[in-house]
Amino acid sequence: MIGASGILSLLFVASCLGDVIEDFEYLSVSEMCELLPPETSFLRPNTCDSWVSCAGNYTNLEQGGCAAGLNYNKELGRCQPKNLCANETEGAFIVDPSSSNCRGYILCKGQKQIKANCPNELIFHPRSRSCVYETQYACPISQTNKPSPACRSLSNHTRLADPVHCDQYYECVGEVLHSRSCPLQEAYDADLGACVPQDRVNCYETAALPEPENTFCVDNVTGKARTGYFADDLSCSKYYICGEPVAGKHDTEPKHISCPLGQYFDFVKLSCRDRLNVRCQLDRCVGANLTYVNVAGDCQSYGRCSGGLTVSLGHCPDGYFFDERNQGCTQTNYHYIACSA
Ligand SMILES: *[C@@H]1O[C@H](CO)[C@@H](O)[C@H](O)[C@H]1NC(C)=O
Ligand SMILES: *[C@@H]1O[C@H](CO)[C@@H](O)[C@H](O)[C@H]1NC(C)=O
Ligand SMILES: *[C@@H]1O[C@H](CO)[C@@H](O)[C@H](O)[C@H]1NC(C)=O
Ligand SMILES: *[C@@H]1O[C@H](CO)[C@@H](O)[C@H](O)[C@H]1NC(C)=O
Ligand SMILES: *[C@@H]1O[C@H](CO)[C@@H](O)[C@H](O)[C@H]1NC(C)=O
């Protein structure tokens, strides 16, 4: 994939700056094709009479030039006579369609097209065919929508993949590149050049789908938002906090908090406390940093830990009770909540 990492870093930096307009300034033709649906044709950048046709299933990337006297029309996808002055009288002024700031015009003189710009602060009025003040004619392309070199080459409404976000894409409207988002639950299929449901999307190879929404704070019985403190089903020393819903939407970023080493979260006291004072039905070797641990429901048994998991169970002699704190069997029964029935 030639240049893919180059595109990626270029676009990433650019989109971080929120400036998508210049993103494609330095892309090669084959790099542009990588972002476009197969077999898309466009005007070769910085030319008027050369075209590029991106590779398809059975065709390779192809480049060609128009016959002498013709220009490539990217909207029609073919070459056309280029003399804009053909039907004009000698000395006529006409609008320069390639001008992005409305200042450009063309002077028809001796069968030739002479390009020029209106003086500063004036723009070309296509109907009065003269340079006027900006208050006299609203330039359809606003100053903030700068033309993109890529869109100057692509036909109207051509779409390009966003190499980073699969649920977004770019679209040329006129000469301006716009960033677009697919509808909810959809993403941009780089082969089809369209948004499709996420479960059957074929993302551009470096584009990622958005992280699925975190639904931990949705009650899976009622379907409503839940708030407060919740157990971590994998560890007794961790817990979640679901915040209040915001604008009717459940907390999508619940806090996941760990108690200090040796403590478990107690849902009655809503606090972290000595793990021997908390019932935990999960493996008590997890996160314990101990060799032997008490066993839930049996104060005479103990578990042996290895690699943070219980690997075997043992039993103290009759009349002895296991004490995790002292790492051995003793004749004192401390009735730890951790091992009580
Ligand atoms: C390429 O092949 C795929 C799968 O056979 C097909 O769906 C797609 O329409 C083809 N694309 C083109 C541009 O022919
Ligand atoms: C000039 O007029 C002819 C005939 O009406 C038309 O086909 C052609 O597109 C026109 N050319 C331009 C540049 O307007
Ligand atoms: C491109 O499409 C937009 C919206 O459909 C339209 O307003 C605009 O005139 C078109 N631009 C060109 C150059 O055809
Ligand atoms: C709700 O989620 C919990 C864990 O998150 C799971 O144990 C339980 O089976 C789920 N209940 C239903 C009705 O899906
Ligand atoms: C676990 O115990 C070992 C040896 O006693 C110690 O080096 C390590 O820092 C402890 N780990 C934690 C997380 O406290």
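FYI, the numbering just counts along the sequence from 1. One-based numbering, in listed order, for ligands and for the atoms of each.
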Over-ring placement of R284 relative to Y292, 6.0 Å and 45° cut-offs = no
Close side-chain approach of E62 and W51, heavy atoms under 4.5 Å = yes
Mind jotting down which protein residues get a heavy-atom contact under 4.0 Å with ligand 3? Chain and number order, please.
-> N156, H157
Just checking, any donor-acceptor pair under 3.5 angstrom between side chains of E324 and Y302?
-> no
Spacing of H250 atom NE2 and F216 atom CZ [to the nearest 0.5 Å] | 11.5 Å
Is any side-chain heavy atom of I94 less than 4.5 Å from a side-chain heavy atom of R129?
-> yes
Y264: ring pair (Phe, Tyr, Trp, His ring centres under 6.0 Å) partners, not counting sequence neighbours = none
